[in-house]
**Student:** 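Below are the structure tokens for one structure; questions will follow.
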Amino acid sequence: MSASGVVVIGLGNVVLTDDGVGVHAVTRLAERLGPQPDVTIVEGGTAGLLLLPHLADAKHAIIVDAIDVGAEPGAIVRLAGDEFALAFSADTTVHDVGLRDLLGAARLSGAWPEQLVLHGVQPGSTTLGTELTPTVAAALDGLVDSVVRELAGWDTALLHAGAATA
């Protein structure tokens, strides 16, 4: 991927119910869009700092994750700029520390993309289980739609392919 590219990274642990929503979302996004010349989609899972090169190589980045902002389960969340602090205002989990470390390392190392946005869903449960809760599963298409709209706003190849109809 070139430094002018776009990366979409899905985070989460797919064996902790709603915590895996980011991975589920980018899988669905890849199925919906197919190959895109300007967009790299990464199933980041719980890779944490190993994802730093993807941010360093991107001009624009979207991180998709379960984001606990104290809203109703299934609420779609978009955070940009200083709003990132909201993602860490509730009780911090090991997963949150990984995202916080990734964002901190990106900022300190100069790997911060020109634009970085978090898209996510308020989780309902992060207990052991491989299926999303019904409320979060029902929000999955809306989450993918919000990512597609963000990509279209960045004038990626999606505009030319007509994929940004969501």
Side-chain angles (χ1 to χ4, degrees), residues 6-34 36 39-52 54-55 58 60-107 113 115-154 158 163-164 166:
V6 175
V7 65
V8 180
I9 302 173
L11 298 180
N13 189 331
V14 295
V15 298
L16 295 177
T17 55
D18 294 343
D19 189 63
V21 72
V23 175
H24 292 288
V26 296
T27 299
R28 189 164 293 181
L29 179 69
E31 291 168 356
R32 182 187 294 185
L33 299 182
Q36 295 291 320
V39 180
T40 300
I41 298 173
V42 178
E43 289 184 23
T46 59
L49 290 175
L50 296 175
L51 299 168
L52 191 59
H54 292 288
L55 291 179
H60 304 291
I62 297 172
I63 296 177
V64 186
D65 199 2
I67 303 174
D68 186 355
V69 293
E72 289 294 317
I76 295 175
V77 179
R78 180 189 182 278
L79 301 174
D82 293 337
E83 296 173 327
F84 289 138
L86 291 175
F88 308 113
S89 62
D91 293 334
T92 301
T93 66
V94 173
H95 173 79
D96 296 330
V97 171
L99 176 57
R100 184 182 303 182
D101 289 346
L102 175 62
L103 296 177
R107 193 173 299 278
Q115 289 185 296
L116 180 85
V117 180
L118 269 65
H119 282 264
V121 172
Q122 173 71 43
S125 172
T126 55
T127 60
L128 192 60
T130 58
E131 300 294 324
L132 297 173
T133 60
T135 305
V136 171
L140 193 56
D141 281 332
L143 175 59
V144 173
D145 291 345
S146 71
V147 171
V148 170
R149 282 190 299 273
E150 190 86 45
L151 291 170
W154 288 340
L158 294 174

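All values below were derived from every heavy atom in this structure, side-chain atoms included, with hydrogens, water molecules and symmetry-related copies excluded. The chain is numbered in sequence order, starting from 1.
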**Student:** If you measure from the Lys or Arg side-chain nitrogens to the Asp or Glu carboxylate oxygens, is any gap between Arg32 and Asp145 under 4.0 Å?
**Tutor:**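 So Arg32 pairs with Asp145 through a salt bridge.
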**Student:** Report the distance from atom CG of Leu51 to atom CD1 of Ile63, rounding to the nearest 0.5 Å.
**Tutor:**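 Leu51 CG to Ile63 CD1: 8.0 Å, rounded to 0.5 Å.
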**Student:** Calculate, to the nearest 0.5 Å, the distance between atoms CD1 and CG belonging to Ile62 and Leu29 respectively.
**Tutor:**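 If we round to the nearest 0.5 Å, Ile62:CD1 and Leu29:CG are 8.0 Å apart.
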**Student:** Of all heavy-atom pairs between Val7 and Ala58, which one has the smallest distance, and what is that distance?
**Tutor:**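 Scanning both residues completely, I find the closest heavy atoms to be CG1-CB, 3.5 Å.
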**Student:** So, Asp19 side chain and Thr126 main chain: donor-acceptor pair closer than 3.5 Å or not?
**Tutor:**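 It does not hold such a pair.
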**Student:** Not counting sequence neighbours, list each pair that qualifies as a side-chain hydrogen bond (donor to acceptor under 3.5 Å, both in side chains) and has a residue in residues 129-138.
**Tutor:**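 Pairs touching residues 129-138 that pass the test: Asp18-Thr133.
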**Student:** Would His119 and Val77 count as a side chain to side chain contact (heavy atoms under 4.5 Å, CB included) if you check the C-alpha gap in whole Å, the side-chain angles of each, and the deciding distance to 0.1 Å?
**Tutor:** CA-CA 6 Å; His119 282 264; Val77 179; over 6 Å; no
**Student:** Rounded to the nearest 0.5 Å, what's the gap from CZ on Arg28 to CG on Asp141? Could you check?
**Tutor:**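 That separation rounds to 4.5 Å.
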**Student:** How long is the gap from CD1 on Ile67 to CG on Leu79, to the nearest 0.5 Å?
**Tutor:**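 Those atoms lie 5.0 Å apart.
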**Student:** Nearest 0.5 angstrom please: Leu49 CG to Leu55 CG, how far?
**Tutor:**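 One gets 10.5 Å once the value is rounded to the nearest 0.5 Å.
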**Student:** How far apart are the closest heavy atoms of Leu151 and Val8, and which atoms are they?
**Tutor:**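 Taking Leu151 first and Val8 second, the nearest heavy atoms are CD2-CG2, 4.0 Å.
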**Student:** So which atom in Val136 and which in Gln122 form the shortest heavy-atom distance, rounded to 0.1 Å?
**Tutor:**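 Where Val136 meets Gln122 most closely, the heavy atoms are CG2-O, 3.7 Å.
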**Student:** Might you point out which heavy atoms bring Pro73 and Gly124 nearest each other, and give the distance in Å?
**Tutor:**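 Heavy-atom minimum between the residues: CB-CA, 3.6 Å.
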**Student:** Side-chain contact, heavy-atom cut-off 4.5 Å: Asp65 with Leu118?
**Tutor:**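 Asp65 does not reach Leu118 side chain to side chain.
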**Student:** Just to verify, which of Val14, Leu16, Val15, Asn13 counts as forming a side chain to side chain contact (heavy atoms under 4.5 Å, CB included) with Thr46?
**Tutor:**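 Of the listed residues Val14, Leu16, Val15, Asn13, the side chain to side chain contact (heavy atoms under 4.5 Å, CB included) partner of Thr46 is Asn13.
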**Student:** If every non-hydrogen atom of Val23 is compared with every non-hydrogen atom of Gly10, which pair is closest and at what distance?
**Tutor:**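 The pair with the smallest heavy-atom distance is CG2-O, 3.8 Å.
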**Student:** To the nearest 0.5 Å, what is the distance between NE2 on His24 and CG on Leu140?
**Tutor:**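 Between atom NE2 of His24 and atom CG of Leu140 there are 8.0 Å.
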**Student:** Measure across Val26 and Ile9 and return the closest heavy-atom pair with its distance rounded to 0.1 Å.
**Tutor:**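 Nearest heavy atoms, Val26 then Ile9: CG1-C, 4.1 Å.
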